[in-house]
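Following: one structure in structure tokens, then a few remarks.
Since the structure is predicted, the reported quantities are computational estimates derived from the model, not experimental observations.
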Amino acid sequence: EVQLVESGGGLVQAGGSLRLSCAASGFTFDAYAIGWFRHAPGKEREEREGVSCISSSDGNTLYADSVKGRFTISSDNAKNTVYLQMNSLKPEDTAVYYCAARGGYYCYTSPEEYDYWGQGTQVTVSS
């Protein structure tokens, strides 16, 4: 059974940092790309914004313009875990953050390209 479990969310003041983790099981980790998405409050259910992605096979990464220079994605293939280090957090980063997996080596920004999803972890940034 495929499972993606996010952790590390919480409440932080603006300018602070959090590190999210996505622990994966049930599939060949290094044959998948893992993405982070977020759903902000007030947005429609379908509006999940692509934040970042990493190809577990070669480490190639992708970032949304809104998080470039602040967020860093990394992968520990030995632990089947992907991390999202979030620095210089802003109130507009407040959202439920999801990790998702898609078979293949390439990252995509569209959530429709992803096969498996975690349950999400809440990140709240206070001003």
Side-chain angles (χ1 to χ4, degrees):
E1 179 188 4
V2 173
Q3 279 196 320
L4 296 169
V5 180
E6 303 96 335
S7 61
L11 173 64
V12 65
Q13 288 188 328
S17 299
L18 285 173
R19 189 177 81 155
L20 304 183
S21 298
C22 173
S25 62
F27 59 92
T28 306
F29 187 75
D30 60 4
Y32 276 69
I34 306 295
W36 283 99
F37 293 81
R38 64 188 181 187
H39 183 226
K43 295 282 190 179
E44 293 294 325
R45 178 182 175 86
E46 295 76 18
E47 291 185 62
R48 290 188 178 183
E49 176 193 9
V51 175
S52 185
C53 177
I54 187 167
S55 172
S56 299
S57 62
D58 60 13
N60 281 338
T61 58
L62 192 68
Y63 294 95
D65 288 343
S66 58
V67 306
K68 279 181 183 175
R70 300 189 298 122
F71 291 11
T72 303
I73 192 170
S74 61
S75 176
D76 186 338
N77 286 17
K79 295 182 178 180
N80 284 8
T81 300
V82 169
Y83 304 97
L84 186 68
Q85 178 67 44
M86 306 188 295
N87 298 329
S88 302
L89 282 161
K90 305 175 181 180
E92 51 264 43
D93 294 318
T94 294
V96 177
Y97 284 71
Y98 300 87
C99 67
R102 68 175 304 279
Y105 301 128
Y106 301 109
C107 283
Y108 288 86
T109 58
S110 172
E112 287 76 21
E113 297 288 341
Y114 289 78
D115 305 306
Y116 305 109
W117 290 82
Q119 292 300 305
T121 185
Q122 176 71 47
V123 171
T124 303
V125 184
S126 63
S127 58

Which distance, rounded to the nearest 0.5 Å, do you find between the [atom1] of [X] and the [atom2] of [Y]?
X: Ser25; Y: Leu4; atom1: OG; atom2: CG; result: 7.5 Å
X: Tyr83; Y: Thr72; atom1: OH; atom2: OG1; result: 14.5 Å
X: Arg19; Y: Ser74; atom1: CZ; atom2: OG; result: 7.0 Å
X: Leu62; Y: Trp36; atom1: CG; atom2: CH2; result: 15.5 Å
X: Tyr97; Y: Ser7; atom1: OH; atom2: OG; result: 15.0 Å

**OP:** Name all pairs fulfilling the salt bridge (charged side-chain N to carboxylate O under 4.0 Å, His left out) condition that reach into residues 70-81, sequence neighbours left out, sorted by first residue then second.
**Re:**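 Qualifying pairs: Arg70-Asp93.
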Original post:
Under a 4.5 Å side-chain heavy-atom rule over Ile, Leu, Val, Met, Phe, Trp and Tyr, are Tyr116 and Tyr108 clustered together?
Top reply: no
Original post:
Same cluster or not: are Val12 and Val51 linked, directly or through other Ile, Leu, Val, Met, Phe, Trp or Tyr residues, by side-chain heavy atoms under 4.5 angstrom apart?
Top reply: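 Yes, Val12 connects to Val51 through the hydrophobic network.
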**OP:** Not counting sequence neighbours, which residues clear side chain to side chain donor-acceptor pair (under 3.5 Å) with Gln85? List them please.
**Re:**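 Testing Gln85 for side chain to side chain donor-acceptor pair (under 3.5 Å), a comparison that skips the adjacent residues, returns Asn87.
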Original post:
Considering residues at least two apart in sequence or located in another chain, which fulfil the side chain to side chain donor-acceptor pair (under 3.5 Å) criterion with Thr94?
Top reply: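 With sequence neighbours excluded, Thr94 shows a side chain to side chain donor-acceptor pair (under 3.5 Å) to no residue whatsoever.
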Original post:
Which residues satisfy the ring-ring contact (aromatic ring centres under 6.0 Å, His included) test with Phe37, sequence neighbours excluded?
Top reply: Tyr114, Trp117
Subject >> Tyr32: partners by ring-ring contact (aromatic ring centres under 6.0 Å, His included), with sequence neighbours left out >> reply: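 ring-ring contact (aromatic ring centres under 6.0 Å, His included) check on Tyr32 returns Phe27.
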Original post:
For residues Glu49 and Ser66, is any side-chain donor paired with an opposing acceptor at under 3.5 Å?
Top reply: yes
**OP:** Just jot down the side chain to side chain contact (heavy atoms under 4.5 Å, CB included) partners of Thr61, sequence neighbours excluded, or say none.
**Re:** Ile54, Tyr63, Ile73
**OP:** Only counting residues at least two apart or in another chain, list the ones meeting side chain to side chain contact (heavy atoms under 4.5 Å, CB included) with Asn77.
**Re:** Phe29, Asp30, Ser56, Ser75
Original post:
More than 12 foreign heavy atoms under 6.0 Å from CD of Glu92: is that the case here?
Top reply: yes
Original post:
With a 4.5 Å limit on heavy-atom distance, are the side chains of Arg38 and Leu84 in contact?
Top reply: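 No, too far: nothing below the 4.5 Å cut-off.
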Original post:
Can you check whether Leu20 reaches Glu6 side chain to side chain, under 4.5 Å on heavy atoms?
Top reply: no
Atom pairs and distances, donor-acceptor, side-chain atoms in residues 120-127, under 3.5 Å, two or more places apart:
from: Thr121; atom 1: OG1; to: Gly9; atom 2: N; distance (Å): 3.2
from: Gln122; atom 1: NE2; to: Ala95; atom 2: O; distance (Å): 3.4
from: Gln122; atom 1: NE2; to: Thr124; atom 2: OG1; distance (Å): 3.3

Subject >> Transitive ILVMFWY cluster of Tyr105, excluding itself - 4.5 Å side-chain cut-off >> reply: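 Listed partners: none, Tyr105 stands alone.
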Sequence neighbours excluded, every pair satisfying disulfide bond (SG atoms under 2.5 Å apart) that has a member inside [range]:
range: residues 75-127; answer: Cys22-Cys99, Cys53-Cys107
range: residues 60-95; answer: none
range: residues 58-87; answer: none

Original post:
Should the pair Arg48 and Tyr98 be classed as cation-pi, given the thresholds of under 6.0 Å to the six-membered ring centre and 45° from the axis?
Top reply: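 Yes, Arg48 lies over the aromatic ring of Tyr98.
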